[in-house]
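In listed order, ligands and their atoms are each counted from 1. Remember, predicted model here, so these are calculated numbers, not experimental data.
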Amino acid sequence: MCSAGGRLMTKLYDKISQALRDNEGVLRIGKLKDAVDYQKSVDSFRRELKAWTEADSCPIRFEVSGYIAYGDTDFSEWSKKHRGRGKLTDYTVLRVWSRAGGQCQFPGCTKDLTEDPLTKSVGNFAQIAHIVAASPDGPRGCEDLSQRLGDKFENLMLLCYPHHRLIDTDVDQYSVEVLNDMKRRHEDRLDAFLASTDAYETHMVLISGVIRGQPTRIVQAEAARALSPRFANNRVLEVDLTNALPEETDDLYWRSGAEILKKRLRQALEPRPNERLDHLSVFALAAIPLLVLAGRLIGDKRRAELYQNQRDLNSWSWFEEVESADTTIELVRPETIAKDRTAVLALSFSQDVDIDQVRATVGGDIDLYVMRAAEPSYNWLKHRVQLDAFRKKYLQIQDELERKYGKTRTLHVFAAVPAPVAIEIGRSLHPKVAPELVVYDYIDGLYVRGLVIPKDISSVP
Ligand SMILES: [Zn+2]
Ligand SMILES: [Zn+2]
């Protein structure tokens with residue numbers, strides 16, 4: 001990249017990269033008398049650098065006495081090569097911006113960081129500041145914390161340049177605790193403001209049933225926490241099946257279970273006068289066959305968001321760091337298919353479905369489809385994106401079955417899955433292409449035939 005540069009430029013280059021490393025990508029070029037003077041220096045410096053690098057434009061950000069100028073090309077790409085640390089991911093940057101509402105998070109500043117405070121020209125005038133510096137010898141840095149927090153969202157604040165400089169200069173006053181508090185308060189204020197409007201209304205649907213003989217209980221306050229702060233003004237629609245179901249695990253159990261579920265869900269989803277139930281938030285703990293039916297009854301015409309109970313955490317909140325989400329879903333198809341064989345779908349997500357047991361339960365020749373998480377575990381489902389990935393794959397299989405077997409097919413489903421996945425199966429059943437489902441339950445180490453969900457069952461209007 002360097003052709004015309006002599007020794008002077010080589011020295012300059014070294015100085016620039018050093019300055020960029022030391023100063024989080026901002027290049028200080030000395031004290032100047034005024035802004036005009038500054039602009040002239042920047043322009044000439046930029047010309048020199050352009051000649052030297054042969055780049056179309058100089059991507060360096062210049063800063064003198066609180067003024068910042070931006071280059072025309074992607075600075076972060078350029079700086080990546082010259083700086084010692086990793087670049088923030090687009091997602092992290094987006095999250096810092098959105099959680100800050102585009103404002104400087106220093107108390108009372110409220111500066112809009114999308115325009116220059118002096119000239120009002122539009123641009124990116126924000127600094128993403130580290131609470132604990134990403135390098136141990138930066139502001140508030142230390143060997144352990146810098147390594148651990150680094151470029152994580154929790155460690156980043158959106159600040160205007162003067163406030164970034166202030167917190168990095170006076171690290172005694174602006175300690176880690178003070179800055180964490182600053183960030184949290186600013187985010188909470190924004191959340192509270194958004195929650196105070198009734199624009200995002202949802203209705204909580206709580207479905208509690210019996211799992212392996214044990215009644216389940218959904219703590220309403222825990223569920224409500226998962227909705228905050230996005231949603232407010234919720235009506236709670238409870239479908240409690242815990243006392244309603246007979247104890248037998250025979251055919252009667254499932255048939256009456258289905259009837260009760262249908263009745264209760266219809267009652268719950270009956271809108272009151274002047275009310276529209278067009279957004280539901282579903283929290284459910286019940287046997288798999290009933291959950292699939294619940295999904296079918298809720299349908300996919302209405303918008304519904306499903307939540308997973310994170311048992312270890314007593315929480316229904318989705319995990320936010322999507323980078324770590326395991327969305328890999330393996331799909332194994334039968335080697336050959338035959339229309340007279342029984343089509344079986346095994347879903348191994350909470351644990352591995354025992355295929356030998358499946359064969360023994362169904363009997364005869366089967367065409368076996370398997371969908372499986374890379375590492376099945378009862379806490380596999382942590383992120384919304386995993387549920388999206390599942391739905392996509394499931395719809396794909398449903399289409400495939402219809403093409404291969406025609407419309408009259410019955411599909412036997414053995415599902416070791418978290419509740420939202422079971423509901424999603426039900427919601428994905430499109431009367432035109434969906435097969436009739438026979439959904440099994442797993443009780444005391446055995447698979448038992450649960451519900452038959454016919455093709456023509458319709459959702460609750
Ligand atoms: Zn900083
Ligand atoms: Zn500020």
Open item on the list: Can you tell me if Q267 has over 12 outside heavy atoms packed within less than 6.0 Å of its CD?
Closed with: yes
- [ ] Mind checking how many protein N/O/S atoms fall short of 2.8 Å from the Zn ion (ligand 2)?
- [x] 4
TODO: Would you please name every residue forming a salt bridge (Lys or Arg N to Asp or Glu O under 4.0 Å) with R217, sequence neighbours left out?
DONE: none
- [ ] Specify whether F283 and Y307 have parallel, tilted or perpendicular ring planes, treating 30° as the upper limit for parallel and 60° as the lower limit for perpendicular.
- [x] parallel
Open item on the list: Name the residue from Q103, H186, H163 that meets the side chain to side chain contact (heavy atoms under 4.5 Å, CB included) definition with C109.
Closed with: H163
- [ ] Report yes if the distance between the aromatic ring centroids of Y378 and F349 is under 6.0 Å, otherwise no.
- [x] no
Open item on the list: Atom CZ of residue position R184 - does it have more than 12 heavy atoms of other residues, nucleotides or ligands inside 6.0 Å?
Closed with: yes
